[in-house]
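Let me begin by presenting the structure, written as structure tokens, before commenting on it.
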Amino acid sequence: MTSTNKQRVYKIIFQKIQSDITSGILNVGDKLPPERELSAKYSVSRTSIREALRLLELSDFVEIRHGDGTFVKNKTNQTVQQQLTSVVLKTDQTTLYEMLELRLILESQCAALAALRATGQDIEKMARTLEAMKNTDDEEVGIQADLDFHMAIAAAANNSVLAELISSLAPHMRSTIEVTRKHRLSSQENFARTLEEHRAIFIAISRGENERAKVLMESHIRTIRQELSELSI
């Protein structure tokens, strides 16, 4: 199955379950059947079911309680775009954008220095966090891996003052990562793009291409800033 067809399948399942919720077939508090049952019911892969459920959670229709199941949360018929806009607006936009401005300055320089100074251990750590970022089953794991990737680059710059400064900003960095990751998980194309952006930065650093690493990090953070601006329009 092509990626385009796969994307269409999980959106169809999303719409079917969403319709059951908004029409009253499923009520607030109801527990959805397990993934394997939904997979059999709709004759699709469990991966498609998982992606549909994640989109339903992102749209605030359901709550996924790990180890317990998926439960109907509300019947509000919001689009994903509206829900994401709500997330951005609930966050202090001034702080969010100022944080990205600061990240642009600090992290681009970290990437450049990391390309010149990273040890083999530094490269291995970045590779591990990059691999962990592929996790779409557990939102917290994905967010933490994204943050760890950026912190690993800061550590690889081998400047203790710079690393300590960025470490102190970790909670604010996590906020921007959390919002943008929610947006990028809303479609396979967006998610693939974010992985590729991080992978390109990693490759530039591992090859010692300091100017390219700096430019790629700047581009990555500018893209995040642009996406958040579009969500809040």
Side-chain angles (χ1 to χ4, degrees), residues 50 54 57-58 64 66-67 87-88 91 95-186 188 190-210 212-225 227-228:
R50 197 171 298 125
R54 185 168 59 244
E57 183 181 40
L58 186 62
I64 299 176
H66 296 288
V87 172
V88 174
T91 307
T95 301
L96 200 62
Y97 294 148
E98 287 181 350
M99 185 63 210
L100 286 169
E101 204 169 65
L102 183 58
R103 285 184 62 187
L104 181 66
I105 297 168
L106 296 179
E107 291 195 71
S108 59
Q109 189 59 40
C110 280
L113 290 174
L116 296 173
R117 301 173 179 175
T119 65
Q121 284 185 326
D122 291 327
I123 297 298
E124 287 177 12
K125 184 173 182 179
M126 279 180 245
R128 288 196 301 271
T129 59
L130 188 61
E131 185 64 28
M133 280 180 61
K134 297 176 182 178
N135 189 318
T136 58
D137 295 329
D138 189 323
E139 184 178 336
E140 285 302 311
V141 170
I143 291 170
Q144 188 60 49
D146 198 325
L147 177 61
D148 288 345
F149 177 80
H150 289 273
M151 299 304 290
I153 292 174
N158 280 289
N159 180 310
S160 60
V161 177
L162 188 55
E164 186 175 344
L165 175 58
I166 290 182
S167 180
S168 70
L169 298 172
H172 298 290
M173 291 173 64
R174 184 183 175 87
S175 295
T176 61
I177 288 170
E178 184 173 1
V179 173
T180 52
R181 189 172 173 86
K182 283 180 181 294
H183 167 55
R184 291 187 165 194
L185 277 173
S186 66
Q188 197 66 30
N190 286 342
F191 186 60
R193 188 172 72 252
T194 196
L195 285 179
E196 182 53 37
E197 287 173 11
H198 286 84
R199 180 175 173 274
I201 293 168
F202 168 73
I203 290 173
I205 291 173
S206 64
R207 290 178 177 174
E209 299 171 347
N210 59 310
R212 178 167 174 75
K214 180 178 181 180
V215 169
L216 287 171
M217 181 64 82
E218 287 176 346
S219 176
H220 171 58
I221 296 176
R222 288 185 194 280
T223 298
I224 292 172
R225 174 66 170 81
E227 289 177 355
L228 292 184

inquiry  = Using the side-chain hydrogen bond (donor to acceptor under 3.5 Å, both in side chains) criterion, which residues pair with Gln109? Sequence neighbours excluded.
reply    = none

Distance, nearest 0.5 Å, that separates CZ of Phe191 from CD of Glu196 = 12.5 Å

inquiry  = For Ile153 versus Met217, what's the shortest heavy-atom pair and its separation?
reply    = CD1-CE, 3.7 Å

request  = Not counting sequence neighbours, list each pair that qualifies as a salt bridge (Lys or Arg N to Asp or Glu O under 4.0 Å) and has a residue in residues 100-129.
outcome  = Arg103-Glu107

Heavy-atom side-chain proximity of Ile123 to Phe202 below 4.5 angstrom = yes

request  = Give a yes or no answer on whether the side chain of Ser219 reaches the backbone of Val215 with a donor-acceptor pair at less than 3.5 Å.
outcome  = no

request  = With the side chain counted from C-beta on, respond yes when Asn158 and Leu113 share a heavy-atom pair under 4.5 Å apart, and no when they do not.
outcome  = no

message = For a quick test of reading the model, state the closest non-hydrogen atom pair linking Ala154 to Cys110 and the distance between them.
response = CA-SG, 3.9 Å

key: CD1 on Ile201 to OG on Ser108, rounded to 0.5 Å   = 10.5 Å

message = Any non-hydrogen side-chain atom of Glu218 less than 4.5 Å from a side-chain atom of Leu104?
response = yes

task = Nearest 0.5 Å please: distance from the CG atom of Leu169 over to the CG atom of Leu106.
result = 7.0 Å

note = Taken to the nearest 0.5 Å, the spacing of Asp146 CG from Ile177 CD1 works out to 4.5 Å

message = I'd like to know if the side chain of Ser167 and the backbone of Glu164 have a donor-acceptor N/O pair within less than 3.5 Å.
response = no

ask   = Going from CG on Leu100 to CE on Met173, what distance comes out if it is rounded to the nearest 0.5 angstrom?
value = 10.0 Å

request  = Keeping to residues at least two apart or across chains, list the ring-ring contact (aromatic ring centres under 6.0 Å, His included) pairs with something in residues 143-163.
outcome  = Phe149-His198, His150-His198, His150-His220

query = Can you name the nearest heavy-atom pair linking Ile205 to Ala213, along with the distance?
reply = CG1-CB, 3.9 Å

message = Can you tell me how far apart CZ (Arg199) and CG (Leu130) are? Round to the nearest 0.5 Å.
response = 8.5 Å

